[in-house]
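Note that the coordinates shown come from a computational prediction; the quantities given were computed from them, not determined experimentally. Heavy-atom basis, side chains included; hydrogens, waters and symmetry copies ignored. Counting starts at 1 for both ligands and their atoms, following the listed order.
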Amino acid sequence: MNRERYSQLIKSKAYDLGFMYCGISKAGFLEEEAPRLEQWLKDNRNGKMGYMENHFDKRLNPTLLVDDAKSVVSLLLNYFPEEQQSDDSFKVSKYAYGADYHNVIKDKLKELYQFIQTEIGEVGGRMFVDSAPVMDKAWAKKSGLGWIGKNSNLIHPKEGSFFFIAELILDLELQEDGPIKDYCGRCTRCIDACPTEAIVEPYVVDGSKCISYLTIELKDALIPGAFHDKMDNWIFGCDVCQDVCPWNRFAKAHQEPAFMPNGQLLGMRKTDWKELTEEVFRELFRNSAVKRTKYSGLIRNIRTIQE
Ligand code: SF4
Ligand code: SF4
């Protein structure tokens, strides 16, 4: 019966730390995902994200990441902002309005892991935030935190999809939660709205066509010409397939102080972006995930739209 008690303890601490939902699944080989991932890579849907081909086995099997792994604890942290950018602005994905989520979530995971050590005992494990070898959406789905929609995002039936996903992989037996059903039904809004037609078939996003990839992951000096008139004013990431999803209609604003939008960022107009200096970039994105593109990358994205 300890399994149930420990699971409850972990979940209630996770909620105290501000996580929106916490679900648990049994660690083991991700059988259903293996052929899908293999096909996706074979079709070069990862573009120049070569790192996605690494650690193929580890991605599918957490016991290769943590000795004797027994459970995967998946956690969701809301980032849906109360306020959004003005219409007269180039667009930054909502997840990047505040402080870099990696640091914010890592701090919370460390506290949760420390709590487990204190309350339950010596438990081995590792924490993951958006890190390559863990298929976070697949684990969250297995843990009953939502279904993976046709836009390939995890969708929670009450919250939509504007949240981060993190995991703790533990060598501790816990009470697992079951998956829920897919509620996409006959909807195709995300497929119809995607500016670059990156959702090539339901549930399959061609990463190499996705604006998130083009504006963040692609490090080339230029974004391929075929996309220049399809960028839809996005300069860092893209939220279109989430914005149009009916399950996000009732998304509630987060209460995480670190994710509070940077006022200066929300006030930026297109003219301000066009005049962005390296100094302002550094100041504006000092603690932000946008730093990933570096100044040169963001300027490349802005110039792509202006062309
Ligand atoms: S993030 Fe944007 S470009 Fe990528 S699949 Fe969604 S709508 Fe298409
Ligand atoms: S927009 Fe429609 S099809 Fe796309 S993920 Fe949302 S519910 Fe599913």
Side-chain angles (χ1 to χ4, degrees), residues 36-37 39-41 43-49 52 76 78-81 84-85 89-97 101 130 136-138 140-141 144-165 179-218 220 223-252 289-290 292-293 297-298 300-302 304-305:
R36 286 169 55 92
L37 176 62
Q39 191 60 48
W40 191 80
L41 291 170
D43 294 340
N44 294 321
R45 306 288 193 208
N46 55 329
K48 292 188 180 176
M49 294 179 283
M52 300 208 66
L76 307 185
N78 184 9
Y79 66 76
F80 187 73
Q84 297 192 26
Q85 290 179 281
S89 178
F90 293 137
K91 296 182 270 185
V92 170
S93 185
K94 291 185 253 307
Y95 79 80
Y97 279 7
Y101 63 98
D130 193 18
D136 49 8
K137 288 183 267 187
K141 173 188 160 186
L145 297 183
W147 74 97
I148 296 181
K150 292 178 190 171
N151 59 9
S152 95
N153 285 295
L154 182 82
I155 304 175
H156 187 283
K158 289 202 181 117
E159 309 291 343
S161 61
F162 289 108
F163 44 69
F164 299 111
I165 309 175
I180 62 165
K181 83 180 254 259
D182 177 332
Y183 290 101
C184 276
R186 283 186 292 178
C187 174
T188 57
R189 285 190 200 192
C190 52
I191 300 172
D192 303 338
C194 174
T196 57
E197 294 170 17
I199 309 177
V200 288
E201 57 181 278
Y203 308 100
V204 180
V205 172
D206 184 339
S208 69
K209 290 182 173 173
C210 175
I211 294 172
S212 287
Y213 161 81
L214 296 167
T215 53
I216 306 171
E217 305 281 348
L218 183 71
D220 295 357
I223 288 175
F227 298 109
H228 286 198
D229 57 352
K230 297 182 179 165
M231 299 301 288
D232 191 31
N233 284 328
W234 291 97
I235 55 169
F236 185 90
C238 167
D239 289 340
V240 172
C241 58
Q242 297 196 80
D243 285 335
V244 299
C245 179
W247 295 93
N248 276 323
R249 254 182 318 199
F250 307 111
K252 295 179 262 319
V290 178
R292 233 175 119 189
T293 62
L298 200 65
R300 176 202 64 177
N301 299 343
I302 294 168
T304 302
I305 293 171

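Of all protein N/O/S atoms, those under 2.8 Å from atom 8 (Fe) of ligand 2 are Cys184 SG, and waters are not counted.
Checked by atom type and distance alone, the side chain of Arg300 pairs as donor or acceptor with a backbone atom of Asp220 at under 3.5 Å.
Taking the six-membered ring where tryptophan is involved, the planes of Phe164 and Tyr101 are essentially parallel, since the angle between them stays under 30° and well short of 60°.
For ligand 1, the atoms sitting less than 4.0 Å from at least one non-hydrogen atom of Val240 are 7 (S), numbered in the order shown with element in parentheses. Against a heavy-atom cut-off of under 4.0 Å, Pro195 is close to the following atoms of ligand 1: 7 (S). Less than 4.0 angstrom separates some heavy atom of Cys194 from each of these atoms of ligand 1: 3 (S), 5 (S), 7 (S), 8 (Fe). Near Thr196, meaning under 4.0 Å from any of its heavy atoms, are these atoms of ligand 1: 3 (S).
Distances from atom 2 (Fe) of ligand 1 to the heavy atoms of Cys241, Ser152, Cys238 put Cys238 nearest.
Atom OH of Tyr79 sits about 10.5 Å away from atom OH of Tyr97, to the nearest 0.5 Å. Once rounded to the nearest 0.5 Å, the distance linking CZ of Phe236 with CD1 of Ile211 reads 13.5 Å.
Using a 4.5 Å heavy-atom cutoff, the side chains of Ile165 and Leu154 are in contact. Contact of the Val204 side chain with the Ser152 side chain is not registered, since no non-hydrogen atoms from C-beta on lie closer than 4.5 Å.
Every residue two or more places apart in sequence or in another chain was checked for a side-chain hydrogen bond (donor to acceptor under 3.5 Å, both in side chains) with Glu197, and none qualifies.
Scanning the protein heavy atoms around atom 4 (Fe) of ligand 1, the nearest turns out to be Cys210 SG, 2.4 Å. Among all non-hydrogen protein atoms, the one lying nearest atom 3 (S) of ligand 1 is Ile211 N, 3.2 Å.
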Does the ring pair (Phe, Tyr, Trp, His ring centres under 6.0 Å) test come out yes or no for Tyr183 and Trp147, once each step is laid out?
CA-CA 8 Å; Tyr183 290 101; Trp147 74 97; 5.4 Å; yes
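Look at Lys91 and Asp232 and you find a salt bridge, because one of the NZ, NE, NH1 or NH2 atoms lies within 4.0 Å of a carboxylate O, short of that distance.
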